Amino acid sequence: MCSYILIMSRVKIKEVLGLAPQEKELTVKGWVRTFRNNQFIALNDGSTNNNLQVVADFNKIDETILKRITTGAAISATGKLIESQGKGQSVELTATTIEILGDSDAEKYPLQPKKHSLEFLREIAHLRMRTNTFGAVFRIRHNLAYSIHKFFNDKGFVYLHTPIITASDAEGAGETFKVTNFDLKNIPKTDSGEIDFKNDFFGRATNLTVSGQLEGELGAMAFGDVYTFGPTFRAENSNTTRHLAEFWMIEPEMAFYNLNDNADLAEELLQYVISYALEHNKEDIEFLNTRLLDEEKQKPQNERSEMNLIEKLKFCTDNKFERRTYTEAINILKDSNHNKKKKFQYLINDWGTDLQSEHERYLVEKHFKKPVILTDYPKQIKSFYMRQNDDGKTVRAMDILFPGIGEIVGGSQREERLEKLETRMKEMNIPADELYWYLDTRRFGTCEHAGFGLGFERLVLFVTGMTNIRDVIPFPRAPKTCEF
RNA sequence: UCCUUCUUAGCUCAGCUGGUUAGAGCACGUGACUGUUAAUCACGGGGUCCCUGGUUCGAGCCCAGGAGAAGGAGCCA
């Protein structure tokens with residue numbers, strides 16, 4: 001009974017804005033964005049980026065209440081929804097009662113009714129979600145996460161929870177954060193002076209996961225199609241706009257898939273989730289689109305982008321991604337005028353070296369002007385588990401490169417042949433005995449399979465048009481950054 | 001970790017060749033106005049010029065070291 005009254009007593013602003021003017025009184029609750037002219041409250045409750053205009057009659061409402069309607073204050077307003085008597089909105093709420101739920105000292109509240117820099121808002125990440133920009137970003141982030149689960153669920157994938165704490169650092173995907181419950185001031189040592197992990201919580205050295213892939217492969221060998229979607233940790237000292245120490249990653253792993261099937265799935269997934277956001281976050285994306293256009297006006301003509309955010313997203317969902325091999329990419333780059341005029345900082349000379357980000361950007365942003373899937377990289381620059389091609393030089397790897405983001409997906413067809421895998425592990429000094437459980441999949445019912453990792457924040461970057469990855473995760477973790 | 005740039009009011013920034021009491025817009029406070037759209041108008045308060053040391057008669061400005069931030073590079077998702 002109680003919850004019924006609660007539902008009746010408060011309507012979310014997203015819903016109110018869709019209602020027709022009516023006699024019945026409504027109650028809304030939210031936070032004050034601005035209070036103009038001692039009578040117009042722009043009220044936001046987070047359900048939508050749009051504010052509801054609450055009109056307070058300053059002749060009828062107590063002056064002590066009016067004084068407390070400040071930017072950031074939480075209020076409850078009750079009154080009739082009427083056709084707006086001013087321009088700028090279709091309906092407004094004429095408040096008969098206004099209750100202050102939580103005061104906000106205007107002199108101390110950092111958010112002002114004005115434009116703030118993203119750098120400043122990053123410093124107050126606990127409050128920045130109350131702004132239009134971050135409200136839009138995090139509602140989009142939510143729908144992207146939801147649509148990823150929906151995509152895989154509809155296809156019959158099993159959502160597998162791979163461990164956060166692992167004992168293997170075998171993949172070599174990066175520096176790890178150590179996990180221990182040792183007293184750091186008094187770490188037990190063995191007779192030979194080494195750290196005595198036998199006495200640690202797990203009885204061995206452990207760290208936070210850098211990837212759920214190896215465990216994902218075990219699941220694929222049971223369920224056929226699985227995916228993970230969880231946090232990942234890398235202790236790299238990376239200070240860039242596209243790296244985090246804690247980030248979320250989606251890692252599907254499919255039995256009986258070859259590399260082409262893998263690329264098909266990745267492309268379908270990306271197009272699906274972008275379309276989903278375009279449909280379900282229409283207003284938020286339009287807001288960010290306008291924001292970016294305003295920002296572009298500050299730039300000189302030649303630095304402005306050819307497509308706006310919405311055009312870029314639609315272009316991505318409506319066109320097939322370009323698929324090329326690493327070797328073809330090298331040839332394109334080698335023959336490019338850019339290379340001949342020596343405009344690359346790193347000139348393209350030999351086959352076999354990894355592409356620099358300037359090369360990837362050239363391919364995606366200048367040459368093809370669309371997402372590019374590069375496959376069949378030299379084996380010496382890729383991981384041990386990737387399937388070796390018959391040429392003896394390349395592996396069945398794939399990277400998906402996005403404009404402005406770079407590598408958004410990295411994946412491969414996995415080496416399913418035990419002997420080939422063991423040989424490669426020996427060459428790359430990967431301890432096979434520690435990974436006996438991984439190799440067991442090749443011993444018992446091995447089969448062709450493939451998978452990839454999709455960086456969730458990089459996807460959110462692309463869809464929101466933001467440029468710094470620290471602005472698309474609520475509370476970013478990066479070197480020297482662990483506030484909140 | 002490397003390279004470049006930056007750090008002045010709550011925020012965004014200006015500050016001349018090193019020269020007296022460091023400025024603007026916005027925000028905030030007070031008052032006026034009352035159908036506003038980041039309301040408007042008037043008045044007002046507000047400074048560890050990032051820190052430490054040095055050069056100088058004199059440093060926000062020059063020099064050295066340090067801290068933090070932004071962008072780029074590497075590592076990668």
Side-chain angles (χ1 to χ4, degrees), chain A residues 33-43 50-59 66-67 70-72 82 84-89 92 94 104-124 131-132 171-175 210-213 228-251 266 344-346 354-361 381-383 399-402 405-411 452-462 467-473 478-481 483:
Chain A
R33 287 290 175 82
T34 64
F35 184 35
R36 286 183 294 266
N37 218 356
N38 215 17
Q39 53 181 330
F40 302 106
I41 304 164
L43 194 69
N50 298 314
N51 300 327
L52 173 68
Q53 173 150 289
V54 176
V55 185
D57 187 337
F58 55 85
N59 290 317
L66 288 174
K67 284 268 179 220
T70 56
T71 304
I82 61 159
S84 180
Q85 307 195 332
K87 287 170 192 159
Q89 58 279 314
E92 64 192 23
T94 43
S104 173
D105 185 341
E107 230 166 326
K108 292 186 184 135
Y109 187 58
L111 291 173
Q112 303 162 359
K114 60 170 276 191
K115 195 173 154 72
H116 288 293
S117 67
L118 295 175
E119 289 82 3
F120 171 67
L121 293 170
R122 216 170 284 152
E123 289 169 15
I124 50 165
T131 65
N132 287 330
E171 205 206 334
E175 287 293 311
V210 292
S211 165
Q213 182 204 317
T228 74
F229 187 170
T232 308
F233 308 89
R234 307 248 169 117
E236 301 288 344
N237 193 7
S238 298
N239 290 288
T240 77
T241 52
R242 51 187 194 286
H243 288 88
L244 290 165
E246 175 182 292
F247 63 99
W248 290 68
M249 186 156 65
I250 298 100
E251 293 178 288
F344 285 126
Q345 202 180 342
Y346 296 88
D354 211 352
L355 298 175
Q356 304 288 324
S357 57
E358 59 172 340
H359 304 139
E360 295 180 347
R361 274 219 306 277
I381 58 171
K382 289 291 181 185
S383 305
D399 281 0
I400 301 186
L401 310 175
F402 260 43
I405 313 290
E407 189 180 338
I408 196 166
V409 164
F452 60 86
L454 165 64
F456 185 56
E457 282 75 19
R458 290 188 181 177
L459 172 67
V460 184
L461 265 185
F462 182 71
T467 50
N468 190 320
I469 202 161
R470 298 177 190 198
D471 293 335
V472 297
I473 187 166
K480 303 280 184 298
T481 303
E483 189 77 43

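Computed from a prediction, not measured in an experiment: that's the story for all the values here. Below, read A as the first sequence line, B as the second, and so on, with proteins coming before strands; counting in each chain starts at 1.
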Counting a pair only when it is Watson-Crick or G-U and both distances are under 3.5 Å, which runs of at least 3 such pairs involve RNA chain B?
B:1-7 with B:67-73, B:10-13 with B:23-26, B:28-32 with B:40-44, B:50-54 with B:62-66
Walking RNA chain B from its 5' end, the first of Ala106(A) and Ser84(A) to be reached, judged by nearest nucleotide, is Ala106(A)
When Lys67(A) and Asp354(A) are each assigned the nearest nucleotide of RNA chain B, the 5'-most assignment goes to Lys67(A)
Taking 4.0 Å as the cut-off, does a side-chain nitrogen or oxygen of [X] come that near to OP1 or OP2 on [N]?
X: Arg361(A); N: G72(B); answer: no
X: Ser117(A); N: U12(B); answer: yes
X: Gln112(A); N: G10(B); answer: no

In whole angstrom, give me the gap between the [atom1] atoms of [N] and [M].
N: C43(B); M: U48(B); atom1: P; answer: 26 Å
N: C63(B); M: G71(B); atom1: C1'; answer: 27 Å
N: G31(B); M: G45(B); atom1: C1'; answer: 15 Å

Using a heavy-atom cut-off of under 4.0 Å over every strand shown, decide if Gly410(A) touches base, sugar-phosphate, or nothing.
sugar-phosphate
Looking across every strand, which nucleic acid part, if any, lies under 4.0 Å from Phe120(A) by heavy atom: base, sugar-phosphate, or nothing?
sugar-phosphate
Near-strand residues of residues 452-460 of chain A, defined as heavy-atom separation under 4.0 angstrom from RNA chain B:
Gly453(A), Gly455(A), Arg458(A)
Under 3.5 Å, which N/O atoms of the protein pair with N/O atoms of nucleotides 67-71 of chain B?
unit_1 : atom_1 : unit_2    : atom_2 : d
A70(B) : OP1    : Arg122(A) : NH1    : 2.7
G71(B) : OP1    : Asn468(A) : ND2    : 3.2
G71(B) : OP2    : Asn468(A) : ND2    : 3.1

Pick out the pairs of N or O atoms, protein on one side and nucleotides 39-43 of chain B on the other, that lie under 3.5 Å.
unit_1 : atom_1 : unit_2   : atom_2 : d
A39(B) : OP2    : Thr34(A) : OG1    : 3.1
A39(B) : OP2    : Arg36(A) : NH1    : 2.9
A39(B) : N7     : Asn37(A) : N      : 3.4
A39(B) : N6     : Asn37(A) : OD1    : 3.1

Could you write out each protein N or O paired with an N or O of nucleotides 5-9 of chain B at a distance under 3.5 Å?
none

Please enumerate all residues that pass side chain to side chain contact (heavy atoms under 4.5 Å, CB included) together with Ala478(A), with sequence neighbours excluded.
Arg470(A), Thr481(A)
What nucleotide among A77(B), C28(B), C11(B) has an atom nearest to a side-chain atom of Leu244(A)?
A77(B)
